[in-house]
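Only heavy atoms go into these numbers, but all of them, side chains included; no hydrogens, no water, no symmetry mates. Proteins come first, then strands; the chains are lettered A, B, ... in the order of their sequence lines, and each starts at number 1.
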2 protein chains.
Amino acid sequence: MAANSRFAVAVHALAVLAWHTQAPCSSREIAASVATNAVVIRRLLGQLARAGVVEASYGARGGFRLARPAAKISLRDVYAAVEEGGFFALRETLNDKCPIACRMKSILNDVFSRVEAKVLPELKRTTLADIVDDIETVA
Amino acid sequence: MAANSRFAVAVHALAVLAWHTQAPCSSREIAASVATNAVVIRRLLGQLARAGVVEASYGARGGFRLARPAAKISLRDVYAAVEEGGFFALRETLNDKCPIACRMKSILNDVFSRVEAKVLPELKRTTLADIVDDIETVA
DNA sequence: TCTAAATGCAACTAGAATTGTTACATTATG
DNA sequence: CATAATGTAACAATTCTAGTTGCATTTAGA
C-alpha cells in the first residue's frame, strides 16, 4: 500500500499525551518527538478529537490532552479514528458477465470481515496505559 | 489509491484458475474477468509463480495453472506472495533524544506482530477450494 | 488591553505507489 | 513457419501521503 503511517503517528502522538499529563501538549512539541510537521500532528489529532479521544484547547498555553484516562483508550479506538479504509481494497468494476467475477465482491467482503473480526479485538487489548507502562519500564 | 487491490485481484485470478482446470488460462482471459489489463495479471501471477502457487507455460496454448490442488492453496499463501508490506507502516526517522520516540518502534512492531499473528491463521482457514465451492453453490 | 502562543483550516508542492498501456524479446504449439 | 503465449522494461495517468506556508481565530497572562 502507499504505506500510510497515520496509525503509527497517532499512537506515538497519544503516547506523548499519555506521558505528559501535567499540562496540554502543543502540536509543536509532539511533532518534535515524531520528527514531522506540527500541521501533520494537528490533522491527526483533529480526527482523534472528533472521535472523542483527545481534547484541544485554544490560545496560549493551549494544546491537546487525552479526553479520558489512558487505560480507557485502546488501539482499536485509535485505529477506528484514523484509518478509514479496511486492510485490503476491492475493485469496483468487474466483468458482470463472468460468474466468478460476480461472486468475488461478496467472497472478498466475507474474508475481510473475518479478518477484521480478529484484528479489532486484538487491538482492543492494548491501551495507551500499557504503552506508557512499557516506556516507564525501560526509561 | 493507496489501498492496493493486489490481494483482491490475485484471489480473483486464482479463483479463475481453480475454476477452469481443464487447460491453462491465458492472462488475457483472466484479465477479462477481472476487468483489467493482461500485463497486470501477468505481473501478479509472476509473483505467485515465484512463490510456487501457480505455474506458467510458454508459447501457444500456454498460460497459467495452479501448481497444486485448490484445497492446498490458502489465502495466507496468496497474501504472503503478493503483499510485501505489513498492515501498517512505521516511520523510519524519529527524534532519538525523546524516550517515547525511542520506544515506539519496538512497541509498534510488537503490536503489528500480534495483529499478524491473528490475521495469518484466519487467512489460512480459507482455501481456493472453499471459494470454488461458494461459486459453484450460487452458479 | 495588548502580545504571544496556540489550534483550525485551506491551498499548494513534492514524492511515491498503483494501475494501465505499449512494445518487444523469447518460447512453444501445431 | 505462423500463431499465441509469457516475461519484462519503459512510460503515463491518477491518487495518496506527507510536508509546508499562510492566515483567521482564540486564549492566557503581563
Here the distance between atom P of dT26(C) and atom OH of Tyr58(B), to the nearest Å, is 12 Å
Notebook entry, point to check: For dT6(D), does OP1 or OP2 lie under 4.0 Å from any side-chain N or O of Ser27(B)?
Noted result: yes
query = Does Ser57(B) put a side-chain nitrogen or oxygen below 4.0 Å from OP1 or OP2 of dA28(C)?
reply = no
Val39(A) has its side chain closest, among dT20(D), dG8(C), dT17(D), to dT20(D)
Checking dA5(C), dG19(D), dG8(C) against the side chain of Val40(A) (C-beta onward), the nearest is dG19(D)
Among dA6(C), dG7(D), dT19(C), the one nearest any side-chain atom of Ser26(A) is dA6(C)
Checking dT21(C), dA18(D), dT3(D) against the side chain of Asn37(B) (C-beta onward), the nearest is dT21(C)
Task: Distance-only polar pair, side chains of Thr126(A) and Arg114(B), donor-acceptor under 3.5 Å - done: yes
Rounded to whole Å, CG of Leu48(A) lies from P of dG8(C) at a distance of 11 Å
Atom CD of Gln47(A) and atom P of dC9(C) are separated, to the nearest Å, by 12 Å
Between CG of Leu45(A) and C1' of dA6(C) the distance, given in whole Å, is 13 Å
With sequence neighbours left out, the residues meeting ring pair (Phe, Tyr, Trp, His ring centres under 6.0 Å) with Phe64(A) are none
- Message: Is there a side-chain contact between Ser5(B) and the phosphate of dT19(C), meaning an N or O under 4.0 Å from OP1 or OP2?
- Response: yes
**Asked** If you look at every strand shown and take non-hydrogen atoms under 4.0 Å, does Arg43(B) touch a base, only sugar-phosphate, or nothing?
**Response** base
Of Arg91(B) and Cys25(B), the one whose closest nucleotide on DNA chain D sits nearer the 5' end is Cys25(B)
In whole angstroms, the gap separating P of dG7(D) from CD1 of Ile41(B) amounts to 13 Å
Taken to the nearest whole Å, CD/Glu55(B) to P/dA5(D) is 19 Å
When rounded to whole Å, the CZ to C1' distance for the pair Arg42(A) and dA18(D) reads 15 Å
Next on the checklist: Could you tell me if the side chain of Val34(B) sits less than 4.5 Å from the side chain of Met104(A), heavy atoms only?
Outcome noted: no
Asn4(A) atom CG is separated from dT18(C) atom C1', nearest whole Å, by 15 Å
Q.
I'd like to check Val53(B) versus Leu45(B) (side-chain heavy atoms, cut-off strictly below 4.5 Å). Are they in contact?
A. no
Please work out if Gly63(A) contacts a base, only the sugar-phosphate, or nothing of the nucleic acid, heavy-atom cut-off 4.0 Å.
sugar-phosphate
Checking dG20(C), dT17(D), dA28(C) against the side chain of Ala60(B) (C-beta onward), the nearest is dA28(C)
| task | Could you tell me whether Arg68(A) and Asp77(A) make a salt bridge, using a distance below 4.0 angstrom between a side-chain N and a carboxylate O? | result | yes
Contacts of Gly59(A) and Arg50(A) projected onto DNA chain C by closest heavy atom; the upstream (5') one is Gly59(A)
